[in-house]
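Working notes for the structure below.
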Amino acid sequence: MGDQAYASSKQEIGNKSLLSSVGASGEAGAQTIWGILSREPNPLLKDFIEYHNIANADPDACFALALSSLLAGKLSSGAESDLNFFSLFIKYYQVFPYLSLMAQSDLHALYDRNPAVHDYGTAFLNFKGYHALQCYRIAHRLWIEHQETAARFIQSLISERWAIDIHPAAVLGERLILDHGTGIVIGETARVEDDVVLFQGVTLGGTGKESGKRHPTVYQGSIIGAGSKVLGAIEIGRGAKVGAGSVVVKNVPEFTSVFGNPAQVVGRHTHLPALTFDQSLPAIDYIL
């Protein structure tokens with residue numbers, strides 16, 4: 001899927017309700033994500049909402065305002081910089097509402113699937129993988145609009161702030177979880193579909209000086225374990241599992257578990273492991 005096709009598909013999400021965008025991972029009920037956030041007893045979240053005086057009646061507008069304020073504060077180096085980033089983020093959430101809906105569905109996926117997340121507010125305020133992902137989404141939009149300098153500037157700040165390096169040209173789907181996040185690297189021509197989990201230290205990289213498509217494609221529902229390196233224009237099939245510390249240099253079939261250096265097939269399954277955070281592997285009879 002190219003940039004334009006990606007943008008078109010995500011624009012369609014902007015015309016749907018929030019529940020349709022999060023429905024693939026379990027509906028949030030009749031409440032909006034903002035409704036849940038604003039009623040949580042998290043004192044830091046309550047202070048944040050009160051400090052920024054976020055009281056707009058429209059829940060999507062409130063969420064966009066809160067997220068813009070949060071990300072601007074994370075990226076900025078001073079009051080003027082904070083204001084500039086806030087203006088940029090809120091503008092893009094207003095002009096491209098699918099970006100806000102994707103941020104909400106990413107947050108819901110974290111709450112719904114990650115056993116370490118017990119409330120929305122903690123993930124919203126504190127999870128750097130989530131913060132880096134939302135900043136990437138703005139940078140990717142800038143890249144689509146041929147504002148490469150601005151996009152690369154945000155990429156650099158993401159790397160400096162959170163040690164997560166995502167090229168703004170990479171195409172990342174929604175309900176994506178960057179768990180812990182530290183050390184994740186995603187190359188320029190990488191493509192990651194919806195409902196994928198990437199753990200800390202994962203690299204979706206190239207193998208040299210190839211031109212054109214030179215980074216991996218990771219299909220829906222896959223899970224890639226901590227420290228794994230997936231290299232080259234290869235495919236990680238739908239629902240695949242890559243065990244922690246693996247080096248993958250050839251295609252992985254769908255619903256297949258691989259492990260090792262180089263990665264070898266160690267099992268098969270029938271479900272999407274990213275939906276349940278299932279990193280289990282069968283007994284392995286070799287040692288690297």
Side-chain angles (χ1 to χ4, degrees), residues 10 13-14 16-49 52 54 56 58-75 89-90 92-94 96-141 158 161-162 164 166 172-181 184 192-199 220-221 223 274-277:
K10 300 309 174 188
I13 294 174
K16 301 176 183 178
S17 69
L18 170 63
L19 293 186
S20 68
S21 72
V22 302
S25 60
E27 293 188 356
Q31 303 179 82
T32 64
I33 295 296
W34 178 251
I36 296 171
L37 276 171
S38 63
R39 285 188 288 274
E40 282 190 352
N42 186 318
L44 291 177
L45 183 59
K46 286 185 176 298
D47 288 347
F48 176 85
I49 293 171
H52 291 281
I54 301 170
N56 190 301
D58 179 70
D60 288 335
C62 286
F63 182 86
L65 282 167
L67 186 58
S68 297
S69 297
L70 179 71
L71 296 178
K74 297 283 185 179
L75 287 183
F89 278 94
I90 196 62
Y92 273 78
Y93 286 134
Q94 290 172 344
F96 304 104
Y98 75 89
L99 292 170
S100 177
L101 288 177
M102 291 179 76
Q104 292 175 64
S105 64
D106 290 336
L107 185 61
H108 178 68
L110 263 174
Y111 175 80
D112 186 57
R113 301 170 187 175
N114 189 333
V117 178
H118 304 293
D119 62 89
Y120 283 87
T122 298
F124 178 79
L125 290 174
N126 302 318
F127 276 43
K128 66 179 182 179
Y130 176 74
H131 299 155
L133 179 59
Q134 304 322 313
C135 291
Y136 147 80
R137 295 201 189 285
I138 298 294
H140 181 69
R141 186 66 240 180
I158 294 169
R161 299 294 189 269
W162 298 300
I164 298 170
I166 308 172
L172 307 185
E174 65 178 301
R175 301 182 300 277
L176 175 62
I177 296 176
L178 308 182
D179 196 41
H180 299 290
I184 288 177
V192 180
E193 290 195 337
D194 299 342
D195 304 304
V196 167
V197 176
L198 306 179
F199 283 89
Q220 182 189 21
I223 192 164
L275 300 186
T276 58
F277 259 55

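Note that the coordinates shown come from a computational prediction; the quantities given were computed from them, not determined experimentally.
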Any residue meeting side chain to side chain donor-acceptor pair (under 3.5 Å) with Ser68, in chain and number order, not counting sequence neighbours: none
According to side chain to side chain donor-acceptor pair (under 3.5 Å), who are the partners of Lys74, at least two apart in sequence or on a separate chain?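 Lys74 satisfies side chain to side chain donor-acceptor pair (under 3.5 Å) with no other residue.
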Could you tell me whether a side-chain N or O of [X] sits under 3.5 Å from a main-chain N or O of [Y], the two making a donor and an acceptor?
{"X": "Ser105", "Y": "Met102", "answer": "yes"}
{"X": "Tyr120", "Y": "Glu40", "answer": "no"}
{"X": "Asp194", "Y": "Glu174", "answer": "yes"}

Looking at every non-hydrogen atom in both residues, tell me the closest pair between [X] and [Y] and how far apart they are.
{"X": "Leu75", "Y": "Cys135", "result": "CD1-SG, 3.7 Å"}
{"X": "Ser69", "Y": "Phe48", "result": "CB-CZ, 4.0 Å"}
{"X": "Ser100", "Y": "Asp60", "result": "OG-O, 4.1 Å"}
{"X": "Leu172", "Y": "Ile166", "result": "CD1-CG2, 4.0 Å"}
{"X": "Pro115", "Y": "His118", "result": "O-CE1, 3.5 Å"}
{"X": "Ala132", "Y": "Ile164", "result": "CB-CD1, 3.7 Å"}

I need the [X] [atom1] to [Y] [atom2] distance, nearest 0.5 Å.
{"X": "Ile138", "Y": "Leu99", "atom1": "CD1", "atom2": "CG", "answer": "5.0 Å"}
{"X": "Ile223", "Y": "Thr276", "atom1": "CD1", "atom2": "OG1", "answer": "7.5 Å"}
{"X": "Ile184", "Y": "Leu178", "atom1": "CD1", "atom2": "CG", "answer": "4.5 Å"}
{"X": "Ile90", "Y": "Leu65", "atom1": "CD1", "atom2": "CG", "answer": "4.0 Å"}
{"X": "His108", "Y": "Ile33", "atom1": "NE2", "atom2": "CD1", "answer": "6.0 Å"}

Test side chain to side chain contact (heavy atoms under 4.5 Å, CB included) applied to Leu101 and Gln104, step by step: CA-CA 5 Å; Leu101 288 177; Gln104 292 175 64; 4.0 Å; yes
Consider side-chain contact (heavy atoms from CB on, under 4.5 Å). Of Val117, Asp195, Val197, which one does Ile177 pass it with?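 The option that passes is Val197.
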Please tell me whether Arg137 and Tyr98 have a donor and an acceptor in their side chains that are separated by less than 3.5 angstrom.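 No, no side-chain donor-acceptor pair sits under 3.5 Å.
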Could you tell me which residues satisfy ring pair (Phe, Tyr, Trp, His ring centres under 6.0 Å) with [X], sequence neighbours excluded, listed by chain and number?
{"X": "Phe199", "value": "Phe277"}
{"X": "Tyr92", "value": "Phe96"}
{"X": "Phe63", "value": "Phe124"}

In chain order, what residues pass the side-chain contact (heavy atoms from CB on, under 4.5 Å) check against Arg39, with sequence neighbours excluded?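 Here the qualifying residues are Gln31.
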With sequence neighbours left out, what residues match Thr122 under side-chain contact (heavy atoms from CB on, under 4.5 Å)?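 Once residues adjacent in sequence are excluded, the partners of Thr122 under the side-chain contact (heavy atoms from CB on, under 4.5 Å) criterion are Asn42, Asp119, Asn126, Phe127.
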Could you tell me if the side chain of [Y] sits less than 4.5 Å from the side chain of [X], heavy atoms only?
{"X": "Tyr130", "Y": "Leu67", "answer": "yes"}
{"X": "Arg175", "Y": "Arg113", "answer": "yes"}
{"X": "Leu37", "Y": "Leu107", "answer": "yes"}

